[in-house]
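Below you'll find the structure, written out as structure tokens, and then a few comments.
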Number of protein chains: 2
Amino acid sequence: MEAPIKILIADDEPDIIEIISFHLNKLGYEVATAKDGSEAIEKANSFAPDCIILDVMMPKRTGFEVCEYLRSQKQFDKTLIVLLTALNDEASHIKGLELGGDDFISKPISPKVLVSRITALFRRLQPTESDKKIITAGDLMIDISQYKTVLKGVTHVLAKKEFELLYLLAAQPGRVFLRGEILSQVWGNDVIVGDRTIDVHVRKIRAKLGIDCITTVKGVGYKFDY
Amino acid sequence: MEAPIKILIADDEPDIIEIISFHLNKLGYEVATAKDGSEAIEKANSFAPDCIILDVMMPKRTGFEVCEYLRSQKQFDKTLIVLLTALNDEASHIKGLELGGDDFISKPISPKVLVSRITALFRRLQPTESDKKIITAGDLMIDISQYKTVLKGVTHVLAKKEFELLYLLAAQPGRVFLRGEILSQVWGNDVIVGDRTIDVHVRKIRAKLGIDCITTVKGVGYKFDY
DNA sequence: TAGTTAGTTAACAATTTGATAATGTAAACC
DNA sequence: GGTTTACATTATCAAATTGTTAACTAACTA
């Protein structure tokens, strides 16, 4: 995510708001606050936060009501909702989660733990992070999820081994890979192939892309340089 | 998900295992258990659970160690990890989450709350945006609620598996799906079918729609591209 | 119960890919 | 200047992968 992550805190106790804001700000989050349930809904709409921390016991509308409302609105589909409460009874805990809350934390709250839990939730929310593996270098783009390379807007289709070899090198531009490293990474340790095989594949990549993005380091190996 | 959700419980106290298993089973989850850290890792590999509940204090390997190990393995990327502990100190709470845990719960645990929290975590894992029932790409429309595809205004009726395969690929256009992914998503992990089965279905889809919207990536898999 | 449909498998054809050998080339070394 | 060394190039062939067709089975339907 490019823009800073936005978090809305809704609680009627100014002390709580202040201490949580302080910790979240310190970590680079953009924070907005609300002092009751109605304001929480207003701010949710205007601020469009990525995460909303809701005290259950608030004037005007309870955290439960706000949570239920937010969950009924499509634009808050992906918004994390963390419910805070002084009550530690099982029933409200379960109710909070059933209304669509992502976490339910009983007071007294350690700000560090709260922040830690929110971080854990955000981590889970980024499923594409590990999937999206796109390397870009100048006008060359290498996308492993699509198994394709795009150079100056033109897509070039590489064979499996060619692609894997290019991807390995391009993942660490400038770093020289020994022939042995390349063999074990791309071909695996079990397969036994000759040294010349690498040369041939390097040549094919150069030919297909039409650019010399792979540099030979004589007597050592190859590196991606573009 | 077609197949039942699998949960692994690791705790050295048989009572805890029994009561949690009971509740999870009742809700239709498939449950496996382990009595120490080493067994937890073994079972994680053989059982391939969607969620792992780890007691922190276990013989052989602690929950922290197991958690750290699992997070270092790529195949457990998407596996939920819930840590249980008798200690309620802030430091281990934060440590557990930083090691990659998705939730951290202090004992004594209410089984209902535990189950409720796990459900909340799973709910978040479900793709909300791609929950869209209708996929459109150019003049092709794929409607899962009616199980039909409309191309240039003409409705084409695909068989169940054909449709599910097309739907999976079309949900993420351009993304290459490995054969293994396709098998586990469309056919499920338990069913064993040959590789040719996928080819045949792809062929049927191409024939019925009359367009080549599925591209073969040799040695890798298939992708939707239109 | 015969006919239909979906799903799967098997067999073979078509295609692509990968590895190797043979040869060419350029720099390094003596 | 000849020799050696290292890498590049080309051509070829075997192996792997996928496409296609046909046939079989199970479930459903009339």
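Bear in mind that the values here come from a model prediction, so they are computed numbers and not experimental data. Here is how names work: the chains are called A, B, and so on, in the same order as the sequence lines, proteins then strands, and each is numbered from 1.
- Residues forming a ring-ring contact (aromatic ring centres under 6.0 Å, His included) with B/Tyr147 (at least two apart in sequence, or on another chain): B/Phe163.
- In this structure, OG on B/Ser92 lies 10.0 Å from CG on B/Leu83, to the nearest 0.5 angstrom.
- Atom NZ in B/Lys218 sits roughly 13 Å away from atom P in D/dA16 (whole-Å rounding).
- Using a 4.0 Å cut-off between a side-chain N of Lys or Arg and a carboxylate O of Asp or Glu, A/Arg71 and A/Asp102 qualify as a salt bridge.
- The stretch residues 197-217 of chain A touches DNA chain C through A/Thr197, A/Val200, A/His201, A/Lys204, each having a heavy atom under 4.0 angstrom from the strand.
- No salt bridge links A/Lys6 with A/Asp50; every basic N to acidic carboxylate O contact stays at or beyond 4.0 Å.
- In this structure, B/Tyr222 reaches the D/dG19 phosphate: one of its side-chain N or O atoms is under 4.0 Å from OP1 or OP2.
- In this structure, CD1 of B/Ile182 is placed 10 Å from P of D/dT18, rounded to the nearest angstrom.
- For B/Leu27, the CG atom sits in a packed shell: over 12 heavy atoms of surrounding residues, nucleotides or ligands are nearer than 6.0 Å.
- Note on ring orientation: taking the six-membered ring where Trp is involved, the planes of A/His201 and A/Trp187 are perpendicular (angle over 60°, cut-offs 30° and 60°).
- With a cutoff of under 4.0 Å to any heavy atom of chain B, the contacted region of DNA chain C is bounded 5' to 3' by C/dA6 to C/dT16.
- Using a 4.5 Å heavy-atom threshold, the side chains of A/Ile52 and A/Leu80 count as separate.
- The side-chain contact (heavy atoms from CB on, under 4.5 Å) search around B/Arg196 returns B/Arg179, B/Asp199, not counting sequence neighbours.
- Scanning residues 154-167 of chain A for heavy-atom distances under 4.0 Å to DNA chain D yields an empty list.
- Between A/Asp143 and B/Arg175 there is no salt bridge, since none of the side-chain N atoms of the basic residue sits less than 4.0 Å from a carboxylate O of the acidic one.
- With the nearest nucleotide of DNA chain D identified for both A/Gly219 and B/Gly221, A/Gly219 has the one nearer the 5' end.
- Judged as a salt bridge (Lys or Arg N to Asp or Glu O under 4.0 Å), and not counting sequence neighbours, the contacts of B/Lys152 are B/Asp139.
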